[in-house]
Amino acid sequence: MRVVPPWREPVPRDGTMGEPLARGRFGEYGGRYAPESLVEACRQVDEAFREAWADPGFRGDLARLLAVHAGRPTPLTPARRLSDALGVELYLKREDLTHTGSHKINNVLGQALLAARMGRRRLIAETGAGQHGVATATAAALLGLEATVFMGERDIERQALNVFRMRMLGAEVVPVTTGSRTLKDATSEAMRHWVGATGDSHYCIGSVVGPDPYPWMVREFQRVIGDEARVQCAAELRTGVPDHVVACVGGGSNAAGTFAGFADTSARLVGVEAEGGAGAARGRLGVLHGCRSLFLQDGDGQITQAHSIAAGLDYPGVGPEHAHLRDLGRARYVTVTDDEAVAAAVRLARAEGIVPALESAHALAWVIHAAGDGDLPAGSTVLMTLSGRGDKDVSTFKELL
Ligand SMILES: *Cc1c(COP(=O)(O)O)cnc(C)c1O
């Protein structure tokens, strides 16, 4: 387990996790690196989002959908037995209890509602393990939109059940046969397809990555996690604000949404990456999928393949705002191995009766480790976002345990 960079005291800054700077910048990261036609399409999404986000009618419609369809607000669960064993007070923000089983629904409902408002009739999405594809297909069905989901051929073989779910929901799943035939190539292919379809289609990106305004917009759609948790913590925690706020980081959307609720507090923010997908902890400056950020690269600057047991953390980079939060020292980013995550999942299952997604188990693995080595002092209050449920990972657990 490596901690990068060294700890600095959190300094609440005006504007941290507010709107990005001009041209979608978070410090030196972000931007809109895309072909001309997509720059124009992104500009339209930006304009529509700004207008919608300032409109109480849109906010009300989204809040209603999140309540009646997705099951919000999600509970804050004290992990009592595990807390006793670790000597800290651990609270779980239960995104695993949302419809479709992860935080991804928060973002896709927002983008689907925006697409409908823009008069688009179809959602385009990329998916790795199929979680974002299923969420997009779900939101599309709910709002009467079509859905076209790009998925690597290898992932299609590995995730047959989610492919069927998407088709059952009425989505078209398009196999991607280029490159490594996984998420990175599916994303490139989805963007390419959008170039020819910007008039009637909205590209629904699944994390805080991609060209401006996506990193900002997706964080805003996910901030419901942090905003709810802020109120719940104020009511239920001895310290009001938790001492530490922890979430797993693939592209970084559940973490960004969680952090956004606490950026102006004294809470220490910790993002937990997979050892083999540590964009924030170990990436270098680069440009991928329309955005300047930190990516895993080889000696020649080629972006390399990520490897994680958790499909949702299998992305070679991290969203630009996380890169910026890292530089500011406002958040820190740590890594956890596959084995540590699996052990943490078993521990949560047996101590609390909750089988977490492998992604979320990474966040817990850091909490367990940090409580043991003093990084989390005894008696600390810890808020951890449990980003999803483990049903999708049962066959992986079955092979390993
Ligand atoms: C997709 C996914 C993630 C990773 O995505 P972020 O954008 O980093 O939040 C984490 N947990 C679960 C359960 C997921 O499905």
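Here the structure is a predicted model, which means the values were calculated and not measured. Computed over heavy atoms, backbone and side chain alike; hydrogens, waters and symmetry mates excluded. Just follow the structure's listing: the first ligand is 1, and inside any ligand the first atom is 1.
Looking only at protein heavy atoms, the nearest one to atom 4 (C) of ligand 1 is Gly312 O, 3.3 Å. Here the heavy atom of the protein found nearest to atom 6 (P) of ligand 1 is Ser253 N, 3.3 Å. Among all non-hydrogen protein atoms, the one lying nearest atom 11 (N) of ligand 1 is Ser387 OG, 2.7 Å. Regarding atom 2 (C) of ligand 1, its nearest protein heavy-atom neighbour is Lys104 NZ, 2.3 Å.
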Problem - Trace of the salt bridge (Lys or Arg N to Asp or Glu O under 4.0 Å) decision for Arg64 with Asp61 - result: CA-CA 5 Å; Arg64 214 158 14 252; Asp61 289 347; 2.8 Å; yes
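When non-hydrogen atoms are compared, ligand 1 lies under 4.0 Å from neither the backbone nor the side chain of Glu95. With a heavy-atom cut-off of 4.0 Å, Val249 touches ligand 1 through its backbone alone.
Within the structure, the closest approach of Gln222 to ligand 1 does not fall below 4.0 Å when heavy atoms are considered.
Residues that satisfy the ring-ring contact (aromatic ring centres under 6.0 Å, His included) test with Phe262, not counting sequence neighbours, are absent from this structure. Listed by chain and residue number, nothing satisfies the ring-ring contact (aromatic ring centres under 6.0 Å, His included) test with Tyr29 (two or more places apart in sequence, or in another chain).
Ring pair Tyr315/Phe295 is perpendicular by interplanar angle, where above 60° counts as perpendicular and below 30° as parallel. The aromatic rings of Phe259 and His322 lie perpendicular to each other, with more than 60° between the two planes, well past the 30° mark.
Taking any N or O of Gly251, backbone or side chain, at least one lies under 3.5 Å from an N or O belonging to ligand 1. For Ser360, no nitrogen or oxygen atom sits less than 3.5 Å from a nitrogen or oxygen atom of ligand 1, counting backbone and side chain alike.
Judged purely by distance below 3.5 Å, without hydrogens or angles, the side chains of Glu95 and Thr98 never pair a donor atom with an acceptor atom.
One finds no salt bridge joining Arg154 and Asp185 here, because no Lys/Arg side-chain nitrogen approaches an Asp/Glu carboxylate oxygen to under 4.0 Å.
Taking every heavy atom of Ala357 and a limit of under 4.0 angstrom, the matching atoms of ligand 1 come to 13 (C). Those atoms of ligand 1 with a heavy atom of Gly250 less than 4.0 angstrom away are 8 (O). Close approach to Cys248 involves these atoms of ligand 1, each under 4.0 Å from a residue heavy atom: 10 (C). Here is the list of ligand 1 atoms found below 4.0 Å of a heavy atom in Ser207: 6 (P), 7 (O). Every atom of ligand 1 with a heavy atom of Gly252 under 4.0 Å away is listed here by number and element: 6 (P), 7 (O), 8 (O). For ligand 1, the atoms lying closer than 4.0 Å to a non-hydrogen atom of Gly388 are 13 (C).
Between Phe221 and Phe49, the distance separating the two ring centers is shorter than 6.0 angstrom.
In this structure a side-chain-to-backbone donor-acceptor pair under 3.5 Å is missing from Asp46 to Asp212.
Taking 4.5 Å as the limit, every side-chain heavy atom of His193 sits out of range of all side-chain heavy atoms of Ser201.
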